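Heads up: the structure comes next, in structure tokens.
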There are 2 protein chains.
Amino acid sequence: MPNKPSIEGRTKGVEALYEKPGHLVRRANQISMAIFAKECSELDLTSVQYAALTAICDCDGIDATRLSGLIALDRATIGGVMDRLETKGWVHRKPSQSDRRIKALHISASGKALLEAAGPKVDEVQKRLLAPLSPDEQQTFLQLLTKLVLLGNENSRAPQKELDAQPLKEDAA
Amino acid sequence: MPNKPSIEGRTKGVEALYEKPGHLVRRANQISMAIFAKECSELDLTSVQYAALTAICDCDGIDATRLSGLIALDRATIGGVMDRLETKGWVHRKPSQSDRRIKALHISASGKALLEAAGPKVDEVQKRLLAPLSPDEQQTFLQLLTKLVLLGNENSRAPQKELDAQPLKEDAA
DNA sequence: TGCTGATAGTATGTATGCTGAATAAAAATA
DNA sequence: TATTTTTATTCAGCATACATACTATCAGCA
């Protein structure tokens, strides 16, 4: 992607930007989100919403704080995401009996149906995102990216956390 | 990151998420931005603002639409970014004489000073982001990430574009 | 010259993503 | 038991990010 000779000297600083990992990661995320949006627009579903729904489906009755750790979504952001999922009827919140601070999260039938419909499309997103790389390169890339994310986990405000206990039976299903 | 045996079956769907490139790329960007924020918070500078300033410094008199292509920043987002840069006194906008639709962008002295102060910190961000990988791995990772971003470029709404002409001399410095 | 299509900038509305603070309830402890 | 600390949620506010639409202007062309 060379610029024309006439501006070569002047764009040096910008081209330094193109090599910076931070910039490249931002671009990759931009591309990933764009592909997701195209693929799932008719479902009215974002990638964050898909992640949240997947987690709630798996961990029925989970609370927002633990969900936040599971999918590495900022705690303060989750409220709005849940509002939208609830508006679309895919999730409902039920106050916990044992801890009145908690609102247990449950997926609805339509939420499950949506998850199933989205599954193949989400897989297609991953395929298209990695398409520029050969199968070998894809494997290497994923391995390195996983390492980077795992070991860099604590640097983000919303580090991924494993579930240290299952939700109370009372809040499940 | 195994979960306790008791919930192993239930979290299977969530763990599938952890292997998805889209999720990993989102996490990597999250981590990258967090490191940048920590490193540059005392400068009151975000990574997007740094990218924009770098480009404006290099291409004095550039207009917002071309800047958008240079750093792959959504056209509709640039207005707000420029507002904030102008408020902080790092950039000023000057109406073009030859095309009254255009507002040429210029970096100020304090903007240049800030860029110089930020330079080492931004380099440190890149180092910390890649720190989980060995030198060899870092090189491989950057190479694959660059390939992915270059070839996936057209998938995003704000694809990176090279400058096809320099700004009119009239609008420069 | 007058019309038409393309372009630059802006505005509106939605969705993350984060900081910091406020509130309420539970847990720990003196 | 009373006090302190921790925890769960929410809210206000700022900064991207994107879709869509609107205005002003420019450029090409009949």
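It should be emphasised that the depicted structure is a prediction, and the values quoted were computed from it without experimental measurement. Proteins come first, then strands; the chains are lettered A, B, ... in the order of their sequence lines, and each starts at number 1.
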Practice problem: Using the closest heavy atom to pick a nucleotide of DNA chain C for each, name whichever of A/Thr46 or A/Ala76 lands nearer the 5' end. | Solution: A/Thr46
Practice problem: Between C/dA25, C/dT16, D/dA24, spot the one nearest the side chain of A/Asp99, thanks. | Solution: C/dA25
Quiz item: Tell me: CZ of A/Arg93 to C1' of D/dA8, nearest whole Å?
Solution: 13 Å
Quiz item: From the list D/dT9, C/dG17, C/dT10, which nucleotide is the closest neighbour of the side chain of A/Arg75?
Solution: D/dT9
Exercise. Give the rounded distance in Å between these two atoms: CD of B/Gln97 and P of D/dC26.
Key: 11 Å
Quiz item: Between atom NZ in B/Lys103 and atom C1' in D/dT23, what is the gap in whole Å?
Solution: 12 Å
Quiz prompt | Whole-Å gap separating P (D/dA8) and CG (A/Leu67) | solution = 13 Å
Quiz item: Rounded to whole angstroms, how far apart are CD1 on A/Ile62 and P on D/dT9?
Solution: 10 Å
Self-check item: Among C/dA8, C/dA25, D/dT9, the one nearest B/Ile102 by side-chain distance
Solution: C/dA8
Exercise. Flag yes if A/Ile35 and A/Leu145 sit in one hydrophobic cluster, no otherwise; membership is Ile, Leu, Val, Met, Phe, Trp, Tyr, and two members link when side-chain heavy atoms are under 4.5 Å apart.
Key: yes
Quiz prompt | SB check B/Asp123 A/Lys20 (cutoff 4.0 Å) | solution = yes
Quiz item: Within less than 4.0 Å of OP1 or OP2 of C/dT16, is there a side-chain N or O belonging to A/Gln49?
Solution: yes
Quiz item: Got a donor-acceptor pair under 3.5 Å from the side chain of A/Arg101 to the base of D/dT9?
Solution: no
Quiz item: Any donor-acceptor pair under 3.5 Å linking the side chain of A/Ser96 with the backbone of A/Ala104?
Solution: no
Quiz item: If you find the nucleotide of DNA chain D closest to A/Asp83 and the one closest to A/Ala34, which residue's nucleotide is nearer the 5' end?
Solution: A/Asp83
Quiz prompt | Value in whole Å for how far the P atom of D/dA15 lies from CD of B/Gln30 | solution = 19 Å
Exercise. Please determine if a side-chain N or O atom of B/Arg66 lies less than 4.0 Å away from the OP1 or OP2 oxygen of C/dT7.
Key: no
Quiz item: When the nearest nucleotide of DNA chain D is assigned to B/Arg100 and to B/Asp44 on a heavy-atom basis, which residue is associated with the more 5' position?
Solution: B/Asp44
Quiz item: Between C/dG17, D/dT10, C/dT16, which nucleotide has the shortest distance from any of its atoms to the side chain of A/Leu73?
Solution: C/dG17
Self-check item: Integer-rounded Å distance: C/dC18 P and A/Asp74 CG
Solution: 5 Å
Self-check item: Aromatic plane relationship, B/Phe141 with A/Phe141 - under 30° parallel, 30 to 60° tilted, over 60° perpendicular
Solution: parallel
Quiz item: Given C/dT16, D/dT9, D/dA17, which nucleotide is nearest the side-chain atoms of A/Thr77?
Solution: C/dT16
Quiz item: Is it true that the side chains of B/Ser47 and A/Arg26 contain a donor and an acceptor less than 3.5 Å apart?
Solution: no
Quiz prompt | Residues A/Asp63 and A/Lys103 bridged, charged N to O under 4.0 Å | solution = no
Quiz item: NA contact type, B/Ile78, heavy-atom cut-off 4.0 Å: base, sugar-phosphate, or nothing?
Solution: nothing
Quiz item: Is B/Thr65 touching bases, backbone alone, or none of the nucleic acid, heavy atoms closer than 4.0 Å?
Solution: sugar-phosphate
Self-check item: Atom pair distance, as rounded to whole Å: CE in B/Met82 and P in D/dA17
Solution: 12 Å
